[in-house]
Amino acid sequence: MFPYKLVDLTHPLEPAIATWSGSCGFNHNLQLDYADCNGPDKFRIMEIKMDAGIGTHMDAPSHAVCGGRSIHQFTVQELCMSCVIIDVVHKCHERYTVNLDDVAAFEREFGTIAKDSCVMIKTGWSKYWDKPEKYNNNHVFPSVSLEVANLLLQRSVSALGIDTLSPDRPEDGFNVHRAFLGAGKILIENMANLDKMPPMDAHVMVLPLKVKDGTEAPVRLVGLLSFS
């Protein structure tokens, strides 16, 4: 038996989902249908056209840093890591910014955030995923402070994820992107189902499309929970 319970942390891709621009960023078009095939072998063939940073996705350093690592340059070993969940749902609102007190409260209860881990910020904003206009909200959504990003970098974490469009609100600048991607780390945006993850003692697999020189790519994000 596989020794972990698996949690799908990925939103499905479809044309109606929320995007950064507010326009359709994903198209799944029919090229050939079963009825069009001659003979006993019937196939449905689809075509995908999409933005690279669509749905649950990974930002590589090259997204914001000239000469930074691209999607294909990360090994699968680097993309599998322990994870922690910082839960701010109970205090969150559309302009909430995760701050040092939130990290301090987490570490008082669970201990210092471990090196090489993925820190996932659970704001609860994913409840609006099926309401794209509200989820986008003119780019007003819970975010992460630069001070928190810098502290996590001091902890030598490998990744930062959040259940919103971005850890940065554009009105505040893209400080977390510059800090994290500038340090060679990765960002994960539009996480799903963080309520199914424990605050500690879990792992995550970040599995992007392996796009050569890709700056962003959709991921199948999988949480791994021990049965013990």
Side-chain angles (χ1 to χ4, degrees), residues 2 4 6-32 43-83 116-121 125-126 129-130 132 135-136 141 157-168 174 176-178 180-194 196-197 202-224:
F2 192 69
Y4 297 98
L6 301 182
V7 179
D8 193 345
L9 304 175
T10 316
H11 288 295
L13 291 172
E14 56 181 317
I17 62 173
T19 62
W20 186 261
S21 68
S23 61
C24 179
F26 180 82
N27 288 281
H28 192 204
N29 301 316
L30 180 65
Q31 289 189 310
L32 180 73
F43 298 98
R44 175 171 285 170
I45 298 176
M46 309 296 293
E47 176 188 55
I48 291 175
K49 292 183 178 180
M50 64 183 177
D51 297 335
I54 192 76
T56 307
H57 70 275
M58 166 182 161
D59 289 354
S62 59
H63 181 45
V65 179
C66 182
R69 295 172 76 192
S70 297
I71 295 289
H72 79 280
Q73 294 173 311
F74 283 84
T75 67
V76 289
Q77 287 79 15
E78 291 177 287
L79 297 173
C80 297
M81 61 199 89
S82 62
C83 64
D116 298 327
S117 60
C118 174
V119 176
M120 303 178 178
I121 306 296
W125 198 251
S126 60
W129 181 254
D130 293 329
Y135 189 85
N136 181 289
F141 42 72
V157 306
S158 292
L160 172 64
I162 193 167
D163 57 355
T164 69
L165 279 169
S166 170
D168 290 301
F174 290 90
V176 175
H177 275 75
R178 286 199 300 271
F180 249 74
L181 301 182
K185 312 296 185 178
I186 67 172
L187 295 173
I188 309 162
E189 297 165 333
N190 299 320
M191 290 179 155
N193 298 323
L194 292 186
K196 298 180 180 179
M197 294 290 289
H203 289 78
V204 66
M205 296 189 296
V206 186
L207 304 173
L209 293 175
K210 193 175 182 180
V211 180
K212 183 173 173 58
D213 299 325
T215 62
E216 306 166 274
V219 300
R220 190 66 179 260
L221 190 65
V222 181
L224 295 89

Just how far is it from atom CG of N193 to atom CH2 of W129, taken to the nearest 0.5 Å? 12.0 Å
Give, for atom CG of N27 and atom CE of M46, the distance between the pair rounded to the nearest 0.5 Å. 10.5 Å
Donor-acceptor under 3.5 Å (T56 side chain, H11 main chain): yes
Minimum heavy-atom distance P132-A16, with the two atoms named: CG-O, 3.0 Å
Whether the side chain of S70 engages the backbone of H72 through a donor-acceptor N/O pair (distance < 3.5 Å, no angle test) should be reported. no
If you apply the rule side-chain contact (heavy atoms from CB on, under 4.5 Å), what do you find for V206 with L221, and how did you get there? CA-CA 5 Å; V206 186; L221 190 65; 3.7 Å; yes
Is there any salt bridge (Lys or Arg N to Asp or Glu O under 4.0 Å) pair reaching into residues 51-67, and which pairs are they, with sequence neighbours excluded? none
Within the 4.5 Å heavy-atom criterion, are M81 and D116 side-chain neighbours or not? no
Is there a side-chain contact between I71 and M58, using heavy atoms and a 4.5 Å cut-off? yes
Kindly give the heavy-atom pair with the smallest separation between L160 and P167, and that separation in Å. CD2-CB, 4.4 Å
So, D168 side chain and V176 main chain: donor-acceptor pair closer than 3.5 Å or not? yes
Closest heavy-atom pair and its distance - F26, H28: CE2-CB, 3.8 Å
Heavy atoms only: give me the nearest P218-A52 pair and the separation to one decimal. CD-O, 3.4 Å
Is there a donor-acceptor contact under 3.5 Å from the side chain of S158 to the main chain of C118? no
Mind checking whether S126 and L194 have side chains closer than 4.5 Å, heavy atoms only? no
Tightest non-hydrogen contact, residues L13 and G55, listed as CD2-CA, 3.8 Å
Could you give the distance from CG (N190) to OG1 (T164), rounded to the nearest 0.5 Å? 7.0 Å
Donor-acceptor contact below 3.5 Å, side chain S62 vs main chain R69: yes
Would you mind reporting whether M50 and H57 have side-chain heavy atoms less than 4.5 Å apart? no
Side-chain heavy atoms of L9 within contact of M120, under 4.5 Å: yes
Under 4.5 Å between any side-chain heavy atoms of I17 and I54, yes or no? yes
Inter-residue atom distance Q31.CD - R44.CZ, 0.5 Å rounding: 13.0 Å
Give a yes or no on whether the backbone of A18 and the side-chain of N136 come within a donor-acceptor separation of less than 3.5 Å. no
Atom OG1 of T10 and atom CZ of R220: how far apart are they, to the nearest 0.5 Å? 5.5 Å
Any donor-acceptor pair under 3.5 Å from K185 side chain to V157 backbone: yes
Parallel, tilted or perpendicular for W20 and F141, by the 30°/60° rule? perpendicular
Is the shortest heavy-atom distance from the side chain of M205 to the side chain of C80 under 4.5 Å? yes
From L165 atom CG to E189 atom CD, the distance as rounded to the nearest 0.5 Å: 7.5 Å
Name the orientation class of the two ring planes belonging to F174 and H177 (parallel below 30°, tilted from 30 to 60°, perpendicular beyond 60°). perpendicular
Heavy atoms, side chains only, cut-off 4.5 Å: are L187 and L181 in contact? yes
